[in-house]
Asks: 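Supplied in structure tokens, the structure appears directly below.
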Amino acid sequence: MARVTLALVGAGLRGRSYARLAHAGGVGRVVALAEPDPGRRAAAAEEFGVPSDRVYADWSELAAHERLADAAIVATQDRQHTGPAVRLADLGYHILLEKPMATEEAEAAAIADAAERNRIMLAVCHVLRYTPYTRVLKDVLDSGRIGRLVSVQHLEPVGWWHQAHSFVRGNWRRSDTSAPMLLTKSCHDIDWLMYLFGRSPQRVGSFGGLSHFRAEDAPPGAADRCLDCGVESTCPYSAKRLYLECLGDPARHFWPLWAVTDDHTEEGVLRALRTGPYGRCVYACDNDVVDHQVVTMEFGDGATCSFTMSAFTPMEHRRTRLLGTHGFLDGDGTTVRLVDFRTGSDEVLDTSTTAGASAADGHGGGDQGLVDAFLNAVATGDAAALKSDAATSLASHRVVWAAERARLSGSVVSLP
């Protein structure tokens, strides 16, 4: 396969993860990068061997040149996707775009339009489509072994400490500076459910809110920072315990600890918790995104789907039950139980999934699968390896926005 050159736009956790997978496979090579943070910029340039004259502090500086690579990885903060995605599409780059596409529907539509207008391949990083587990599950569905899909129950177990890290203390804690949690965290899941059904729903409803991570739920004696707190040792959301326990584990150094500090010593972690956002009490932050949400969907043939996202779980693989006219599937992210109503057989299908569900584990093999498919598509000029395109991703994002409208208005929202 021909080697694919890449421009990395945003050298944070996700951008560097995709770039590393591209380099490790020997097919992709980062030849230019743009990153505003000086430390991350220097570290990424060194790691990927990017020459100094192709290293930029801002994506607009990179985009001021003619096309420098075959494709671009756009992994800036969510609200900063639209500018680089549209401009790089206009320059002819194929684009691997971190989810969500954008935080506003009009901006996501502009990105999709740019991809179509310039006839470039744009793959949104819906990594759940690319796991070995999903491949087995989808093959069973498409084979007709459980008949027509009538109803689906799907759970996303966010994890208590992950919620505290990313959505209470972290960058995705507020809708006005990031986006609603259903978009920033669970557009993966809505997209994946549409992939299983093979179509969009016609009606959407939703309920949920911020039930726990708020001042009125603080235990007596809680302080504004974990390091000053008299009840820290018994709190499930102790920043001190969470981040100090990461020390000595390289995978957890990369995530979640890298977001907190790049000084991976006990002194460095404690210093970051004393002054930075990740040392705050979860009951004394400025967060407003939900900590639990239910979305219900109805499809044109009467099939239904319920999706639950909750912070109050371990952080694990998603769990899904698929109810068909001739059979039943029960999946836990690594294995699939298949019950055939016609024969009475009850078997467990091994998906060969060994990786964990977290970002540090590559999302159950989904990160690797996505990067491999994207590089293959760019190298061959054939988009068949990709499991979605810009229009498909825009459609699933529109379901997310419809669900948020339903939650905020207390109504059922109809989709075209």
Side-chain angles (χ1 to χ4, degrees), residues 78-79 81-82 99-112 124 126 128 149-158 163 167-168 172-214 216-217 286-313 318-323 388 391-416:
D78 298 344
R79 285 179 172 264
H81 284 181
T82 308
K99 62 84 185 172
M101 291 180 76
T103 56
E104 301 291 340
E105 186 170 351
E107 293 190 4
I111 293 172
V124 176
H126 290 305
L128 297 183
L149 192 57
V150 174
S151 185
V152 171
Q153 302 168 346
H154 180 63
L155 168 68
E156 181 184 12
V158 176
Q163 181 81 22
F167 305 102
V168 178
W172 296 273
R173 66 187 182 274
R174 292 189 60 85
S175 293
D176 59 350
T177 57
S178 178
M181 190 169 170
L182 190 67
L183 183 67
T184 61
K185 183 71 177 77
S186 299
C187 66
H188 269 326
D189 296 85
I190 300 300
D191 175 82
W192 186 76
L193 291 165
M194 288 175 57
Y195 179 53
L196 297 186
F197 275 96
R199 58 196 185 278
S200 297
Q202 288 193 346
R203 297 201 302 164
V204 180
S206 185
F207 302 91
L210 177 59
S211 294
H212 183 63
F213 299 97
R214 51 191 187 176
E216 52 265 47
D217 283 330
D286 59 344
N287 56 301
D288 66 4
V289 299
V290 302
D291 53 26
H292 69 115
Q293 187 165 355
V294 174
V295 177
T296 55
M297 293 174 273
E298 182 184 58
F299 293 80
D301 63 351
T304 58
C305 177
S306 64
F307 164 61
T308 299
M309 172 191 70
S310 178
F312 308 108
T313 66
R318 277 84 166 169
R319 296 171 182 262
T320 313
R321 289 177 171 175
L322 301 103
L323 291 67
S388 63
T392 303
S393 292
L394 176 60
S396 68
H397 278 62
R398 282 179 165 152
V399 176
V400 174
W401 282 307
E404 269 300 285
R405 290 197 298 273
R407 183 180 73 87
L408 294 173
S409 65
S411 64
V412 174
V413 174
S414 296
L415 289 157

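Keep in mind it's a predicted model, so treat the numbers as computed, not measured.
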Asks: Heavy atoms only: give me the nearest A402-L415 pair and the separation to one decimal.
Replies: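 Looks like CB-CD2, 3.7 Å.
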Asks: Judged by modelled atom types alone, do E156 and Q293 share a side-chain donor-acceptor pair under 3.5 Å?
Replies: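 Q293 and E156 do not have a side-chain donor-acceptor pair below 3.5 Å.
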Asks: Please report the shortest heavy-atom distance between T320 and V152, naming the atom on each side.
Replies: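 Heavy atoms only, the tightest pair is CG2-CG1, 3.8 Å.
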Asks: To the nearest 0.5 Å, tell me how far R79 CZ sits from T184 OG1.
Replies: 11.0 Å
Asks: Got Q163 and F213 here, is their nearest side-chain heavy-atom distance under 4.5 Å?
Replies: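 The answer is yes, as the side chains (C-beta and beyond) meet within the 4.5 Å cut-off.
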Asks: Are H126 and S388 close enough that a side-chain donor and a side-chain acceptor fall under 3.5 Å?
Replies: no
Asks: About how many Å separate CH2 of W401 and CG of L394, when rounded to the nearest 0.5 Å?
Replies: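 Here the rounded value is 7.0 Å.
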Asks: Taking the side chain as C-beta and beyond, is there a heavy-atom pair between D301 and R199 under 4.5 Å?
Replies: yes
Asks: Applying ring-ring contact (aromatic ring centres under 6.0 Å, His included), can you list everything that pairs with F299, at least two apart in sequence or on another chain?
Replies: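 ring-ring contact (aromatic ring centres under 6.0 Å, His included) check on F299 returns F197.
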Asks: If only atom types and distance count, is the side chain of H397 paired as donor or acceptor with the main-chain N or O of A108 below 3.5 Å?
Replies: no
Asks: Look at atom CD of E104 and say whether more than 12 heavy atoms of other residues, nucleotides or ligands are closer to it than 6.0 Å.
Replies: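 Not buried by this count: 12 neighbours or fewer within 6.0 Å.
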Asks: Mind checking ring-ring contact (aromatic ring centres under 6.0 Å, His included) for H154 and listing every partner two or more places apart, or none if nothing turns up?
Replies: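 Testing H154 for ring-ring contact (aromatic ring centres under 6.0 Å, His included), a comparison that skips the adjacent residues, returns W192, F307.
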Asks: Is there a side-chain contact between M297 and I190 in this structure, where contact means two heavy atoms from C-beta onward sitting under 4.5 Å apart?
Replies: yes
Asks: Answer yes or no: is there a side-chain heavy-atom contact under 4.5 Å between D78 and W172?
Replies: yes
Asks: Parallel, tilted or perpendicular: which describes the rings of H212 and F312, with under 30° parallel and over 60° perpendicular?
Replies: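 Rings of H212 and F312: perpendicular, as their planes differ by over 60°.
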Asks: Please give me the minimum heavy-atom distance between P100 and H81, naming the atom from each residue.
Replies: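 Taking P100 first and H81 second, the nearest heavy atoms are O-ND1, 2.7 Å.
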Asks: Side chains of T304 and T296: does their closest heavy-atom pair fall under 4.5 Å?
Replies: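 Counting from C-beta outward, T304 and T296 never come under 4.5 Å.
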Asks: Which atom names give the shortest non-hydrogen contact between S396 and S393, and what distance separates them?
Replies: OG-O, 3.0 Å
Asks: With a cut-off of 3.5 Å and sequence neighbours excluded, list every side-chain donor-acceptor pair involving residues 175-182.
Replies:
unit_1	atom_1	unit_2	atom_2	d
D176	OD1	R174	NE	2.9
D176	OD2	R174	NH2	3.2

Asks: SG/C187 to CE/M101 distance, rounded to the nearest 0.5 angstrom?
Replies: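 Reported value, rounded in 0.5 Å steps: 10.5 Å.
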Asks: Roughly how far, to the nearest 0.5 Å, is the CD atom of E404 from the CG atom of L183?
Replies: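 Those atoms lie 8.5 Å apart.
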Asks: Do you know which two heavy atoms are closest between V204 and V295, and how far apart they sit?
Replies: CG1-CG1, 3.9 Å
Asks: Can you sort out the partners of T82 under side-chain contact (heavy atoms from CB on, under 4.5 Å), two or more places apart, ordered by chain and number?
Replies: V86, A102, E107, I111
Asks: Can you pull out every salt bridge (charged side-chain N to carboxylate O under 4.0 Å, His left out) where at least one residue sits in residues 201-210? Sequence neighbours excluded, please.
Replies: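 Of all non-adjacent pairs touching residues 201-210, those that pass salt bridge (charged side-chain N to carboxylate O under 4.0 Å, His left out) are R203-E298.
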Asks: With sequence neighbours left out, what residues match Q202 under side-chain contact (heavy atoms from CB on, under 4.5 Å)?
Replies: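 For Q202 there are no side-chain contact (heavy atoms from CB on, under 4.5 Å) partners, ignoring immediate neighbours.
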Asks: Do M309 and D189 come close enough that some side-chain heavy atom pair is under 4.5 Å?
Replies: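 They are not in contact (no side-chain heavy atoms under 4.5 Å apart), so the answer is no.
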Asks: Measuring from D191:CG to L128:CG, what's the distance to the nearest 0.5 Å?
Replies: 8.0 Å
Asks: Just how far is it from atom OG1 of T308 to atom CG of L155, taken to the nearest 0.5 Å?
Replies: 6.5 Å
Asks: Does CZ in R321 sit with more than 12 non-hydrogen atoms of other residues, nucleotides or ligands closer than 6.0 Å?
Replies: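 At most 12 heavy atoms, drawn from other residues, nucleotides or ligands, come within 6.0 Å of this atom.
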Asks: Give me the atom names and distance for the closest heavy-atom approach of A403 to S206.
Replies: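 For A403 and S206, the tightest heavy-atom pair comes out as O-CB, 3.3 Å.
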